[in-house]
Amino acid sequence: MSAIETWGEMVRLEHAQSDRMRGVRPADHWTQCAPQFKADPYRSGDTLVEALRAHLRPADTLLDVGAGGGRLALPLALACQSVTAVEPSPSMCAVLRETAHEYGIANVSIVAAGWPEAAVAPADVTLCSHVVYVVEHIAPFVRKLDSHARRLALAVLFQSPPQSQIYALWEQVHGEKRHPLPSLPEFLPVLDELGIQPEVTELDAPPPRGFDSIAEARESIASRLYVTPGTAAMGRLERALDDSLHESDGVWQVEGTQPLRPCIVAWQTAGR
Ligand SMILES: C[S@@+](CC[C@H](N)C(=O)[O-])C[C@H]1O[C@@H](n2cnc3c(N)ncnc32)[C@H](O)[C@@H]1O
C-alpha cells in the first residue's frame with residue numbers, strides 16, 4: 001500500500017470504529033468544545049504562535065485552513081496583511097467571529113466551507129494546523145494547500161494522534177484496541193509521494209491542561225470515548241479512572257500522560 005493509501009485506510013478505520021461506538025454522527029462535531037479554541041490574540045509566550053509568526057512577512061496574505069476558533073488565525077492576523085479563515089464548523093466559525101469582534105481584529109474574513117472544496121483565492125502563505133488527522137482523501141487536500149500558497153505552506157501536526165493519550169482507556173472501556181488516526185510519522189511519507197520535501201521543526205509541548213476536578217475529567221473523557229451516563233461502559237470508565245486519575249497542585253490528569261509535541265512542517269511553494 002502506498003503512504004497515501006495507508007493514510008486513507010487509517011482514517012476510514014478510525015471513523016468506522018467511532019461511528020460504531022457513537023451511533024449517529026453529530027451535524028457539528030465541535031459544538032461542545034468550540035469555546036476551548038478561543039484564546040487572547042494578544043497573548044505572549046505561546047511557542048506555536050511565535051514560531052508561525054516568524055514565517056510571516058507584514059505584507060503577506062494568509063489562508064488558515066481549518067482555522068477553528070481562531071486560536072492561530074487571530075494572533076497571526078496581527079502580523080500580516082490579512083487572513084482568510086476556511087472553517088466548515090458553524091460553532092467554530094461563531095467563536096472565531098465573536099473573538100475577532102471582541103478584540104477589534106478586522107483583517108480576518110471567514111469562508112464557511114471545508115477544504116479542498118472551498119472556493120478561495122490563493123494567498124502568500126497557507127496554514128493548516130491540527131486538521132489533517134481526520135482527512136481521508138489526503139492527496140487532493142495537500143495538493144490544494146500547496147497550489148494555493150504563492151510562497152510557503154505550513155502544516156502543524158502532533159507526533160502522535162491527538163487522542164492517543166486516552167487510547168489505553170478506550171481499550172479498557174470498549175474491550176478493543178483503538179484504531180489510531182494518522183499523524184506526523186504517516187504525514188511525511190505522504191508528502192514524499194507528492195514530491196514535497198519539507199523542513200520539520202519540533203516545538204516544546206505546551207503545559208498539560210488537565211482537569212479542575214474528577215467530575216470534569218470524567219465528563220470530558222466520557223464524551224471523547226463516546227460513553228454515556230448510566231451505561232455499563234460508563235461503569236467501566238469510572239473504575240478505570242479511579243485507578244488512573246491523579247491530582248497534583250489542584251490539577252487532575254490521567255497517569256502516565258505524556259504531553260503531545262507539535263511540529264511545524266514547512267515547504268516553499270514558489271517555483272514548484
Ligand atoms: C482541532 S481543530 C484545530 C483548529 C485550529 N487550526 C487550531 O490549531 O487551533 C480542527 C479544525 O479543523 C476543521 N476541519 C475539519 N475538517 C476540515 C476540512 N476538510 N476542511 C477545513 N477544515 C476542517 C474542524 O472543523 C476544526 O475546526
Side-chain angles (χ1 to χ4, degrees), residues 7-8 11-12 14-15 18 25-41 43 46-53 55 62-77 83-100 108-120 123 125-149 153-166 181-184 187 190 203 205-206 209 220 223-224 260-265:
W7 181 284
V11 176
R12 267 190 299 282
E14 199 268 1
H15 282 13
S18 298
R25 249 188 223 194
D28 183 358
H29 172 79
W30 297 97
T31 309
Q32 267 183 2
C33 62
Q36 291 168 15
F37 286 81
K38 174 175 176 169
D40 179 353
R43 67 193 180 276
D46 185 322
T47 329
L48 177 56
V49 170
E50 281 164 17
L52 292 171
R53 200 185 279 137
H55 285 283
L62 173 71
L63 203 48
D64 184 358
V65 173
R71 185 177 72 100
L72 303 173
L74 294 173
L76 295 178
V83 176
T84 303
V86 176
E87 175 51 58
S89 152
S91 54
M92 286 290 207
C93 285
V95 171
L96 173 49
R97 203 172 290 115
E98 285 158 18
T99 315
V108 177
S109 55
I110 301 176
V111 175
W115 194 261
E117 57 276 12
V120 285
V125 180
T126 54
L127 165 68
C128 186
S129 166
H130 296 308
V131 178
V132 292
Y133 316 106
V134 296
V135 173
E136 182 181 339
H137 302 291
I138 192 68
F141 192 100
V142 171
R143 276 200 203 101
K144 189 165 170 179
L145 283 179
D146 181 67
S147 67
H148 268 56
L154 300 165
V156 179
L157 283 89
F158 288 124
Q159 285 169 324
S160 322
Q163 301 292 333
S164 51
Q165 294 168 324
I166 56 168
L181 282 173
S183 56
L184 185 73
F187 191 59
V190 164
L203 303 178
R209 269 211 303 248
S220 166
S223 134
R224 287 188 276 153
L260 299 173
R261 302 186 72 162
C263 296
I264 298 179
V265 181

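The shown structure was predicted, so the numbers you read here are calculated from the model rather than taken from an experiment. One-based numbering, in listed order, for ligands and for the atoms of each. Just so it is clear, the values below take in all heavy atoms, side chains as well, and ignore hydrogens, waters and symmetry mates.
When atom types are taken as modelled, the side chain of E136 and the backbone of G8 share no donor-acceptor pair closer than 3.5 angstrom. Not one N or O on the side chain of T126 forms a donor-acceptor pair closer than 3.5 Å with the backbone of A149.
Of the polar atoms of G66, at least one N or O is found under 3.5 Å from an N or O of ligand 1, judged by distance alone. In terms of polar-atom proximity, R71 is counted as a contact of ligand 1, with an N or O under 3.5 Å from an N or O of the ligand. Below 3.5 Å of separation, one finds an N or O of W30 facing an N or O of ligand 1.
Listed by atom number, the atoms of ligand 1 under 4.0 Å from L72 heavy atoms are 8 (O). Every atom of ligand 1 with a heavy atom of G68 under 4.0 Å away is listed here by number and element: 4 (C), 27 (O). Counting the atoms of ligand 1 from 1 in the order shown, those under 4.0 Å from a heavy atom of M92 are 27 (O). If you number the atoms of ligand 1 from 1 as listed, the ones under 4.0 Å from a heavy atom of S89 come out as 25 (O).
Ranking protein heavy atoms by distance to atom 20 (N) of ligand 1, first place goes to W115 N, 2.8 Å. Counting only heavy atoms of the protein, atom 13 (C) of ligand 1 lies nearest to E87 OE1, 3.6 Å. Counting only heavy atoms of the protein, atom 10 (C) of ligand 1 lies nearest to H130 O, 3.5 Å. The shortest contact between atom 3 (C) of ligand 1 and any protein heavy atom is with S129 O, 3.5 Å. V131 CG1, 3.9 Å is the protein heavy atom nearest to atom 15 (C) of ligand 1.
Residue A67 comes nearest to L96 through the heavy atom pair CB-CD2, 4.3 Å, listed as atom of the first residue, atom of the second, then distance. For A39 against R71, the heavy-atom pair with the smallest separation is CB-CG, 4.3 Å. When all heavy atoms are compared, the tightest approach of Y133 to P182 is CD2-O, 3.3 Å. Among all heavy-atom pairs drawn from V135 and V11, the shortest one is O-CG2, 3.8 Å.
Under 4.0 angstrom from ligand 1, there are no non-hydrogen atoms of A118.
Contact check for Q165 versus L260: side-chain heavy atoms found under the 4.5 Å cut-off.
Open room surrounds CD on Q32; 12 or fewer heavy atoms of other groups in view lie less than 6.0 Å from it.
Relative orientation of the H148 and W115 rings is perpendicular, given thresholds of 30° and 60° on the angle between their planes.
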